[in-house]
Amino acid sequence: QVQLVESGGGTAQAGGSLRLSCAASGRTFVNNVMGWFRQAPGKERELVAASARSGSTTYYADSVKGRFAISRDIAKNAVYLQMNSPKPEDTAVYSCAASKWVLLTTTARNYEYWGQGTQVTVSS
């Protein structure tokens, strides 16, 4: 059984930093795409960042470019999201997701495995 477990959510001050972690178990995702989605109240779920094959190719939403960084630890079968200079508008539930795809994909339906989500609240 594949499981994705997020950690590291919580409250951060605007301009500070926060690091989200996601540990996968049940199968390895060395050659597969992993990413972070978020959903704020009343808004649609959006892809924040994604990484294909050990970080060789990455995607970032325009709203987080230059502030957030996605990274992978192949040995630990994990993916991370470093959130620098977060803003109040980054407040959302962040979910880790993994895909069977090898090529980078930004479509949520292509991600078969999902974590339970972790709340991130950024205060001004």
With side chains defined as the heavy atoms from C-beta onward, is the minimum distance between [X] and [Y] less than 4.5 Å?
X: Gln82; Y: Ser71; value: no
X: Thr118; Y: Arg38; value: no
X: Val120; Y: Asp90; value: no
X: Gln39; Y: Glu44; value: no
X: Ser99; Y: Glu112; value: yes
X: Tyr94; Y: Leu81; value: yes

- request: Treat each ILVMFWY residue as a node, draw an edge where side-chain heavy atoms are under 4.5 Å apart, and state whether Val122 and Tyr60 are in one component.
  value: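 Cluster IDs for Val122 and Tyr60 match.
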field: Common cluster, Tyr113/Met34, ILVMFWY with side-chain heavy-atom separation under 4.5 Å
entry: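 Shared cluster, yes.
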field: Member of Trp36, Phe29, Phe37 meeting the ring-ring contact (aromatic ring centres under 6.0 Å, His included) criterion with Tyr111
entry: Phe37
message: Looking only at the side chains, is there a donor atom on one of Arg27 and Asn32 sitting less than 3.5 Å from an acceptor on the other?
response: yes
Using every non-hydrogen atom in the two residues, find where [X] and [Y] come nearest and quote the distance to one decimal.
X: Ala92; Y: Gln119; answer: O-NE2, 3.5 Å
X: Ser124; Y: Gln13; answer: O-OE1, 4.0 Å
X: Val33; Y: Leu104; answer: CG2-CA, 3.8 Å
X: Arg72; Y: Ser51; answer: NH1-O, 2.9 Å
X: Pro86; Y: Ala12; answer: CG-CB, 4.4 Å
X: Val48; Y: Phe68; answer: CG1-CD2, 3.7 Å

task: May I ask you to decide if Ser85's main-chain N or O and Arg67's side chain share a donor-acceptor pair within less than 3.5 Å?
output: yes
To the closest 0.5 Å, what do you measure between [atom1] ([X]) and [atom2] ([Y])?
X: Asn110; Y: Leu103; atom1: CG; atom2: CG; value: 11.0 Å
X: Ser95; Y: Leu4; atom1: OG; atom2: CG; value: 10.0 Å
X: Cys22; Y: Asn77; atom1: SG; atom2: CG; value: 9.0 Å
X: Ser7; Y: Leu20; atom1: OG; atom2: CG; value: 8.0 Å

query: How would you list, by chain and number, every residue that makes a side-chain hydrogen bond (donor to acceptor under 3.5 Å, both in side chains) with Gln116, sequence neighbours excluded?
result: Glu6
Salt bridge flag under 4.0 Å for residues Lys65 and Asp62: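 Yes, this pair counts.
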field: cation_pi(Arg19, Tyr80) dist<6.0 Å, angle<=45
entry: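 Checked: cation-pi criterion met.
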message: If you count every heavy atom of other residues, nucleotides or ligands that lies below 6.0 Å from Trp101 atom CH2, does the total exceed 12?
response: no
